[in-house]
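Naming convention: chains lettered A, B, ... in sequence-line order (proteins, then strands); numbering from 1 in each chain. Worth knowing before you read on, the calculation uses all heavy atoms, side chains too, and leaves out hydrogens, waters and symmetry mates.
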Amino acid sequence: MPENASKNFIEEIVEENIASGLIKTPITRFPPEPNGYLHIGHAKAICLDFGIAKEYGGYCNLRMDDTNPTKEDVEYVDSIQEDVRWLGWEWKNLYYASDYYQQIYDWAIHLIREGKAFVCDLSADEIRWHRGTLTEPGKESPYRNRSAEENLDLFERMNKGEFAEGARVLRAKIDMAHPNLNLRDPVIYRIVHTPHHRTGNTWHVYPMYDFAHGQSDAIEGITHSLCTLEFEDHRPLYNWFIENLPVPHKPRQIEFARLNITYTVMSKRKLLQLVKDKHVSGWDDPRMPTICGLRRRGYTPESVREFVAKAGLSKRPQTVDLALLDFCLRQDLEEKATRRMVVLDPLKVVITNFPEETELYEGQNLPSDPARGSRMVPLTREIYIEREDFMENPPKKFFRLYPGGEVRLRYACYITCTEVIKDAEGNITELRATFDPLSRGATTPDNRKVKGTIHWVSATENTPLEVRLYDPLFSKENPDDVEEGKSFLDNLNPESLKVVTAYGENDLAHAQPGERFQFERKGYFCVDKDSRPGAVVINRTTTLRDVWGKRFGDKAE
RNA sequence: UGCCCGAUGGUGUAAUGGCAGCACGAAUGGUUCUGGCCCAUUUAGUCUAGGUUCGAGUCCUAGUCGGGCAGCCA
């Protein structure tokens, strides 16, 4: 670990705890509820939980927080494991909160015996009335002073399935006037008859989050239970249980701010809505901030981890620029991604003085690393160039192709535009050009400079590709910033996906799903899982940084 | 008109009573067979008012602003 790098506040706490002898090494846990897919916000928690443990020689458990059988499913426990592993982490133990049901139940009995919990027959609504408001104290339940014997009997019968859901709950007996609502005799067990995905019909009562989480931490010997800010108000309750139960270990809960990113939404509810209403193709749609979506889009685990690290950690709500994620991706792939030439928006150029035969030119797979080898690219009389690489009436400082102008075809030769061919509507349909035979190999004996180098592909020797061009899913930095009566869906970016047929170098026909490339001058791309031999599908992960496009992109038309 | 938490450039994050720094973004220039990468430069910040102190972004008080909390969700 770098000694002089600044520490975040949780690292500081852990270091203090080690220095004072409170702990030898930190033991953490990542505790998702298996009721949905992980997103990049979870990636922050994952990197924190696993990262802290690793940094200080401890370990981290993966714990499925499965205390609500009505919402959870095995489908999710598989995807969660896959996503955590993909991010590059390995857990010490895979646990389930449901593994601890018996112990947690016994602790509830303990509380009852101690006179610190009671069975309450109030309905959900009645409990709500009794809870009071933010400014007024609550009222005690009429069932609050039942005898321990009666409570025990009732609680056992609740668990045997004798009562309907909602008929009774078990509540901790704390303080109905407490300014923190969480301590106003919170419900700790409720009746649920839905079978649990792991324990089946064994139980008819299930512990609430507050009664399961801290105790699960205690059982596992968790030293630092890291969670997001909305649980801050629950910490006094978390501690109350730890203090009032004969737990084998006392964990400490520490909260941090959850991660938001510009131009996206992060709540499970909203992501679910995007999927259900078919605004995206599924949880792994490459525009989704889910881990599986990022993976499919082409982001690397390294880039996601770096992004999370760069975003930092604190207790104030953070909204990080999406640009930072893309920066991390480009930084990672700059030195890794194989380079290829692909024309996304083709404009045909006929090189009138070019021989009929195909000529082959050598292109580096990764110019900065000769060890990565090269491939031969076929140049023919007719080629495609990017439509935006030609302008009939170029502005100053445009150094691509224009009538009478000369550019370098990457790795091949210099061409000069001699003629612009248009259709009846005046659209440019084709260009004529001549090449300088002395420029073969892309330099000339006279060493003359050409300002522009553009990518190209043979019009006759190429492979067509379905390329999916992604842009942010929302057109507003904060999609939730809406007028009265509107929702985040009104901020969906109608142009978040454009599908084009592109033409690429021939070997791309064999590209495998998951394979990543830099298409020179265009961006980073990743072969989609929909890809088939003969029908290659490629996602644009992100564009290259583009000064020209930013400055003149719109005006240049 | 309750309780809890927070407030440093556009964004994120450091400075732990002693020169407000780093990264992203933005801008400018250099370099270049990718208008990429790289290099250099620039831009821009301590919420307010008091107090403690030789000295306050940091400590104290009050205020302002922002976030969270009234599921038998997590």
Side-chain angles (χ1 to χ4, degrees), chain A residues 5-8 12 31-33 35 65-68 70-72 120 122-124 127-129 131-138 165-171 178-184 186-192 205-206 208-210 212-213 227-236 255 257 259 262 268 307 310-328 330-331 334-335 339 341 363-364 367-368 397-400 408-412 414 441-443 450-455 477 518-523 543-552:
Chain A
S6 69
K7 306 277 194 284
N8 66 50
E12 284 178 5
E33 182 186 17
N35 73 340
D65 212 350
D66 56 351
T67 55
N68 186 350
T70 64
K71 292 195 172 173
E72 294 146 11
C120 182
L122 257 24
S123 70
I127 287 182
R128 185 157 53 244
W129 310 147
R131 189 155 27 230
T133 69
L134 293 175
T135 53
E136 298 161 313
E165 290 188 7
R168 297 181 217 267
V169 292
L170 184 69
R171 295 223 256 164
H178 200 104
N180 181 339
L181 289 315
N182 293 124
L183 298 190
R184 318 244 263 227
V187 172
I188 60 177
Y189 262 95
R190 76 288 213 190
I191 297 169
V192 178
V205 291
Y206 290 86
M208 297 287 290
Y209 165 85
D210 285 309
H213 203 93
C227 64
T228 44
L229 246 31
E230 69 269 24
F231 293 101
E232 212 159 17
D233 289 337
H234 293 244
R235 179 162 21 99
E255 311 85 17
L259 170 71
T262 54
K268 264 185 196 176
F307 169 72
K310 277 190 153 62
L313 188 76
S314 73
K315 294 194 70 161
R316 88 187 83 144
Q318 62 173 189
T319 300
V320 181
D321 272 339
L322 180 59
L324 184 62
L325 212 211
D326 283 346
F327 168 81
C328 293
R330 294 186 190 115
Q331 183 180 249
E334 164 67 25
E335 305 172 331
R339 309 296 143 109
M341 292 194 288
Q364 301 299 309
S368 61
K397 286 195 170 177
F398 179 84
F399 42 86
R400 278 113 96 155
R408 172 189 290 117
L409 296 181
R410 175 82 155 150
Y411 294 127
Y414 297 178
T443 53
V450 281
K451 201 67 170 132
T453 299
I454 64 175
H455 63 282
E477 268 204 23
Q518 184 199 98
F519 293 162
E520 293 208 5
R521 305 207 306 134
K522 298 275 58 167
T543 58
L544 258 28
R545 207 167 143 266
D546 178 11
V547 180
W548 171 263
K550 251 176 201 142
R551 229 185 314 172
F552 299 95

Item checked: C1' gap between B:rC33 and B:rA27, integer Å -> 27 Å

Margin query: If we ignore hydrogens and angles and just use 3.5 Å, is the side chain of A:Glu136 paired with the main-chain N or O of A:Gly132 as donor and acceptor?
Written below: no

Item checked: Pairwise distance CG(A:Leu170) to CZ(A:Arg190) - rounded to 0.5 angstrom -> 12.0 Å

Check: What string of B, S and - do you get for nucleotides 42-47 of chain B, 5' to 3', when a contact is any protein heavy atom under 4.0 Å?
Finding: ------

Notebook entry, point to check: Is any side-chain N of the basic residue among A:Arg235 and A:Glu255 closer than 4.0 Å to the acidic one's carboxylate O?
Noted result: yes

Check: Roughly how far apart, to the nearest Å, are B:rU52 and B:rC69 at atom C1'?
Finding: 35 Å

Check: Is A:Thr262 reaching over with its side chain to a backbone N or O of A:Leu322, donor-acceptor style, under 3.5 angstrom?
Finding: yes

Check: Between B:rA14, B:rA74, B:rC33, which nucleotide has the shortest distance from any of its atoms to the side chain of A:Tyr209?
Finding: B:rA74

Next item on the list: From the options B:rA70, B:rG36, B:rG35, select the nucleotide whose nearest atom is closest to the side chain of A:Trp548.
Entry: B:rG35

Notebook entry, point to check: In terms of side-chain heavy atoms of A:Glu520, which of B:rU34, B:rA70, B:rG12 is nearest?
Noted result: B:rU34

Next item on the list: Answer with base, sugar-phosphate or nothing: what part of the nucleic acid does A:Thr67 contact at a heavy-atom distance below 4.0 Å?
Entry: sugar-phosphate

Note to self: For RNA chain B, report each stem as range with range, ordered by first number, or say none. Use Watson-Crick or G-U wobble pairs under 3.5 Å, at least 3 in a row.
What the structure shows: B:2-7 with B:64-69, B:10-13 with B:21-24, B:25-30 with B:38-43, B:47-51 with B:59-63

Margin query: Taking only side-chain N and O atoms of A:Arg190, does any of them lie within less than 4.0 angstrom of OP1 or OP2 on B:rC73?
Written below: yes

Margin query: Under 4.0 Å from OP1 or OP2 of B:rG71: is there any side-chain N or O of A:Arg131 that close?
Written below: yes

Checklist line | B:rU8 phosphate, OP1 or OP2, under 4.0 Å from A:Arg316 side-chain N/O | finding: yes

Note to self: Here's a test of your reading of the structure: between A:Tyr411 and A:Arg545, which maps to the more 5' nucleotide of RNA chain B?
What the structure shows: A:Tyr411

Notebook entry, point to check: Counting side-chain heavy atoms from CB outward, which of B:rG36, B:rG25, B:rA74 is closest to A:Phe327?
Noted result: B:rG25

Margin query: Is it the case that the side chain of A:Arg330 and the backbone of A:Thr543 share a donor-acceptor pair, with hydrogens and angles ignored and the cut-off at 3.5 Å?
Written below: yes

Next item on the list: Check the distance between B:rC73's P and A:Asn35's CG and give it to me in whole angstrom.
Entry: 13 Å

Note to self: Tell me the interatomic distance from A:Leu259, atom CG, to B:rC24, atom C1', rounded to whole angstroms.
What the structure shows: 14 Å

Is there any protein nitrogen or oxygen under 3.5 Å from a nitrogen or oxygen in nucleotides 1-5 of chain B, and what are the pairs?
{"unit_1": "B:rG2", "atom_1": "N9", "unit_2": "A:Leu134", "atom_2": "O", "d": "3.2"}
{"unit_1": "B:rG2", "atom_1": "N3", "unit_2": "A:Leu134", "atom_2": "O", "d": "3.1"}

Notebook entry, point to check: Do A:Gln364 and A:Tyr411 touch side chain to side chain, with heavy atoms closer than 4.5 Å?
Noted result: yes

Notebook entry, point to check: Of all heavy-atom pairs between A:Leu229 and A:Lys315, which one has the smallest distance, and what is that distance?
Noted result: CD2-O, 3.3 Å

Notebook entry, point to check: Going by the angle between their ring planes, with limits at 30° and 60°, are A:His234 and A:Phe231 parallel, tilted or perpendicular?
Noted result: perpendicular

Item checked: Whole-angstrom distance between B:rC4 and B:rG63, as gauged at atom P -> 13 Å

Next item on the list: Ignoring hydrogens and angles, tell me if any N or O in the side chain of A:Arg339 forms a donor-acceptor pair with the backbone of A:Glu520 under 3.5 Å.
Entry: no

Checklist line | Whichever of A:Asp321 and A:Leu409 has its nearest RNA chain B nucleotide further upstream toward 5' | finding: A:Asp321

